[in-house]
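What follows is a set of notes on a single structure, which appears directly below.
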2 protein chains.
Amino acid sequence: MADDRAPRQPRRADARDNRERIVRAARAAFAEQGPHASLNRIAAAAGVGAGTLYRHFPSEQALLVEIIRDDVDALCATGRALADQPDTADALRHWLHAVARHATAMRGLVATHMAAVSRPGTDATLAACHDAIRATGAALLDRARQRGAAPTTVDIGDLLTLANALAWASEQAPDDPGLLDRLLGIALAGLDV
Amino acid sequence: MADDRAPRQPRRADARDNRERIVRAARAAFAEQGPHASLNRIAAAAGVGAGTLYRHFPSEQALLVEIIRDDVDALCATGRALADQPDTADALRHWLHAVARHATAMRGLVATHMAAVSRPGTDATLAACHDAIRATGAALLDRARQRGAAPTTVDIGDLLTLANALAWASEQAPDDPGLLDRLLGIALAGLDV
DNA sequence: TAGAATACGGAGAACCTCTCCACTTGGCAA
DNA sequence: TTGCCAAGTGGAGAGGTTCTCCGTATTCTA
């Protein structure tokens with residue numbers, strides 16, 4: 001099994017450069033070919049050897065984490081902005097849509113994320129991303145609840161899992177671009193009691 | 001790409017025997033190790049060579065189809081039985097639960113199924129399974145609609161996709177056995193308008 | 001500028017799926 | 001019963017994958 005402790009910031013300038021090129025190549029490859037993009041090919045595209053790629057990112061998961069970190073920040077910012085909206089249920093619904101859309105932005109990311117979160121030994125950065133999303137969602141859900149706009153029994157973790165599941169489903173049917181919105185529409189219909 | 005036309009019923013007794021042993025080994029392997037169970041190992045466990053496995057089942061998908069066919073029949077029977085129930089919305093809900101539970105019975109099956117259905121060149125038997133499930137669900141949905149117990153805009157295909165998506169999500173979190181029911185509860189809350 | 005710390009890269013180990021084809025065997029016609 | 005041949009077998013191997021190892025090269029620091 002791969003050792004997930006790799007230096008986050010290489011000391012040498014050339015290494016930082018390589019790391020950056022690998023991330024760029026990986027972003028392109030994952031977006032284009034999905035989760036099964038070959039790490040060997042990514043290394044070649046970045047102009048480095050396989051050993052170098054694995055030195056920087058000991059696993060596919062580590063690479064994905066690097067790629068999604070920025071997106072998560074944006075998602076949390078969106079959530080904070082929505083917290084000012086008067087219609088609390090609508091804000092929550094909007095945000096769950098955003099979460100699902102974010103999840104589908106990079107094919108195969110949802111599955112990796114979901115699989116990782118529910119398993120021990122998860123990458124610390126990934127766990128932090130997950131916590132940030134969860135906290136943002138919890139704030140929106142609490143606010144909706146204070147206005148009686150959401151059943152008190154619903155858990156924010158479940159809502160996020162739901163959004164991710166629907167994102168995954170819509171990934172499976174790339175020919176049906178409207179699917180994600182339709183599924184979210186059905187699933188969240190019961191949210192504003 | 002594999003040629004999916006393999007003889008459904010071998011002429012020779014020894015071949016039928018081998019085929020059966022392969023299916024048994026595959027069922028055990030998929031249930032235990034999930035979708036990534038090695039076909040080589042399955043062949044070895046069945047006591048046949050890799051070539052023999054591939055002669056009977058040209059792809060992993062073909063093997064899975066063999067395994068789920070019986071389950072699909074049972075699912076459709078359940079659907080027909082539910083058609084007599086007075087509470088039409090509840091019947092539909094019950095059946096979607098059954099679909100989701102069926103989907104989680106064999107780890108990794110959902111993903112393979114979903115991926116296959118939305119792609120051209122799908123195995124004919126798998127397509128038939130899918131059609132049977134869809135028809136059963138459509139009957140239940142129509143009946144619910146006639147009593148005004150479901151929004152007229154909801155499509156049975158979307159409901160099935162939803163059920164499969166939630167099944168997939170619950171597969172990702174094997175430590176949380178109640179997840180599937182909770183997610184279905186949230187997602188179907190808006191169904192009895 | 002020299003030495004030490006750091007990073008590189010590609011050969012190769014160990015897996016995977018799937019194909020090919022020389023060989024074996026079961027079932028049927030005589 | 002026997003012998004033929006279509007049907008079936010199995011494992012070597014092609015070509016892919018992930019990931020490791022370690023001799024070599026480069027950068028940083030004192």
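Chain letters run A, B, ... following the sequence lines, proteins first and then strands; every chain starts at 1.
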Output a table of nitrogen or oxygen pairs between the protein and nucleotides 25-27 of chain C separated by less than 3.5 Å.
unit_1  : atom_1 : unit_2   : atom_2 : d
dT25(C) : O2     : Arg12(B) : NH1    : 2.9
dG26(C) : O4'    : Arg12(B) : NE     : 3.4
dG27(C) : OP1    : Ala13(B) : N      : 3.0

Validation row: Phe57(B), Val65(B) side chains within 4.5 angstrom (heavy atoms): no

Could you pull out the protein-nucleic contacts involving nucleotides 12-16 of chain C (nitrogen or oxygen on both sides, under 3.5 Å)?
unit_1  : atom_1 : unit_2   : atom_2 : d
dC16(C) : OP1    : Ser38(B) : OG     : 3.2
dC16(C) : OP1    : Arg41(B) : NH2    : 3.2

d(CZ, Phe57(B); P, dG8(D)) in whole Å: 13 Å

Rounded distance in Å - CZ (Arg19(A)) to C1' (dT6(C)): 15 Å

Selected nucleotide, minimal atom distance to Tyr54(B) side chain, candidates dA7(C), dC18(C), dT9(D): dC18(C)

Heavy-atom neighbours of His97(B) NE2 exceed 12 at 6.0 Å: yes

Whole angstrom value for the distance that separates P of dA7(C) from CD1 of Ile22(A): 12 Å

Thr52(A) side-chain N/O to dG9(C) phosphate OP1/OP2 under 4.0 Å: yes

Nearest-angstrom distance from the residue atom CG of Leu53(B) to P of dG10(D): 11 Å

Student check: side-chain heavy atoms of Leu63(B) and Leu39(B) closer than 4.5 Å: yes

Residues forming a salt bridge (charged side-chain N to carboxylate O under 4.0 Å, His left out) with Arg16(A), sequence neighbours excluded: none

Atom-pair distance (CZ on Arg55(A); C1' on dA25(D)), nearest Å: 13 Å

Under 3.5 Å donor-acceptor, Trp95(A) side chain and Leu75(A) backbone: yes

